[in-house]
Number of protein chains: 2
Amino acid sequence: MVIKISHSEIKEKIIAAGLKATHQRIVIYAALMQMCDHPTAEKIFETIAPANPSISTGTLYKTLDHLVAVNLIAKVKSDEGSYRYDANVDNHNHIYCTNTNEILDYEDHELDQILEAYFKNKKIKNLKITDIRLQINGERLDLKKAISIQ
Amino acid sequence: MVIKISHSEIKEKIIAAGLKATHQRIVIYAALMQMCDHPTAEKIFETIAPANPSISTGTLYKTLDHLVAVNLIAKVKSDEGSYRYDANVDNHNHIYCTNTNEILDYEDHELDQILEAYFKNKKIKNLKITDIRLQINGERLDLKKAISIQ
DNA sequence: TCCTAATTAGGAATAATTACTATTTAGTAA
DNA sequence: TTACTAAATAGTAATTATTCCTAATTAGGA
């Protein structure tokens, strides 16, 4: 689900989120939107570096932090020692593939509703739940084929 | 739920898992069993160091890796740049508290059954699911009181 | 008790991320 | 359009968490 979105639209989203729309932020955010495999900061850097050779890792990390802070992107925990990033901030779940290190999105509104209903009754005292997400761990069986939902 | 368990019992568990029961492994595993807040490697080190001043971080990390590999403990992803460890390897969920950085266990067999039933029908193609865990994100409301289930 | 492969201590090396500072830039106001 | 200023960036040093390396030690078996 790559969504082609123009630079001016990206600029508007950044401004709407309350950030200055610098060239670097636009480039980084645009790159992440095109990458649907939850890339690491390093992968993002490799992607944008050819067209933006003067961009620095300091700027990349700081920009990612800013975009996370204003909820334009999300930081995704992983098992390989580095964080990964996600331009999809809607409530969704992740499939962690232990043999390929892939992280895949798993959206399931039926499941969301079941969980929401369940936790409406089952309160946890002194905690304000912000969101509930599933971490589905598994192994990809046929390495030549992709994992597909349903 | 601190379970007081003797060193000889711990030794047996390590041997049963197929590892040599060295002093260091016993100490590290015993310490983690007593710590229920999903400590980082550093916290574990601080805990065991006074009584074991010659233990090295290399050994600690390697031992944690070994214990994870034989499924005696689990590595827990976190948002603060370091991994945390958990002596509870039974299927259970985690509450991530965004304002205090606590990670709490949330066991709920009713929920486990709901999820198991749900994913029995809803297959994901080309994926062998090993486990499904919830990540409950939230904020602790009253910082003077603990979070409590039900 | 001896033997040997596995393990450890201690510290160097690496990887990911953050911090620092002089320079540049986006957005505003004249 | 130009000037201004706070915020952002480039480039790099520093830090943090973790892994790697090697000589010395140890657990468990013969």
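As a basis for the values below, the full set of heavy atoms in this structure was taken, side chains included, without hydrogen atoms, waters or symmetry mates. Please read all numbers here as calculations on a predicted model, not as lab measurements. Below, chains carry the letters A, B, ... as their sequence lines are ordered, and counting in each starts from 1.
- Note on Thr59(B): a side-chain N or O is less than 4.0 Å away from OP1 or OP2 of dA9(C).
- Thr22(B) comes within 4.0 angstrom of sugar-phosphate atoms only, judged by non-hydrogen atoms across all strands, and of no base.
- Ring geometry for Tyr106(A) against Phe119(B) counts as tilted: the plane angle lies between 30° and 60°, on a 0 to 90° scale.
- In this structure, Leu19(B) and Glu80(B) both approach DNA chain D, and ranking their closest nucleotides by distance from the 5' end singles out Glu80(B).
- Within 4.0 Å (heavy atoms only), Gly81(B) reaches sugar-phosphate atoms of the nucleic acid but no base atom.
- For Lys20(B), the side-chain atoms get nearest to dA27(D) when compared with the rest of dA17(D), dA6(D), dA27(D).
- The phosphate of dA9(C) has OP1 or OP2 within less than 4.0 Å of a side-chain N or O from Gln24(B).
- The number of heavy-atom neighbours closer than 6.0 Å to NZ of Lys13(B), taken from other residues, nucleotides and ligands shown, is 12 or below.
- Between Asn126(B) and Asp142(A), the side chains place no donor N or O within less than 3.5 Å of an acceptor N or O (distance only, hydrogens not considered).
- Separation of atoms CG (Asp105(B)) and CG (Asn93(B)) is listed at 9.0 Å; rounding is to 0.5 Å.
- Of the side-chain N and O atoms in Ser56(A), one or more sit less than 4.0 angstrom from OP1 or OP2 of dA10(D).
- Proximity of Tyr61(B) to the phosphate of dT19(D): no side-chain N or O atom is located under 4.0 Å from OP1 or OP2.
- Across dA17(D), dA16(C), dG28(D), the shortest atom-to-atom separation from the side chain of Glu42(A) is found for dA16(C).
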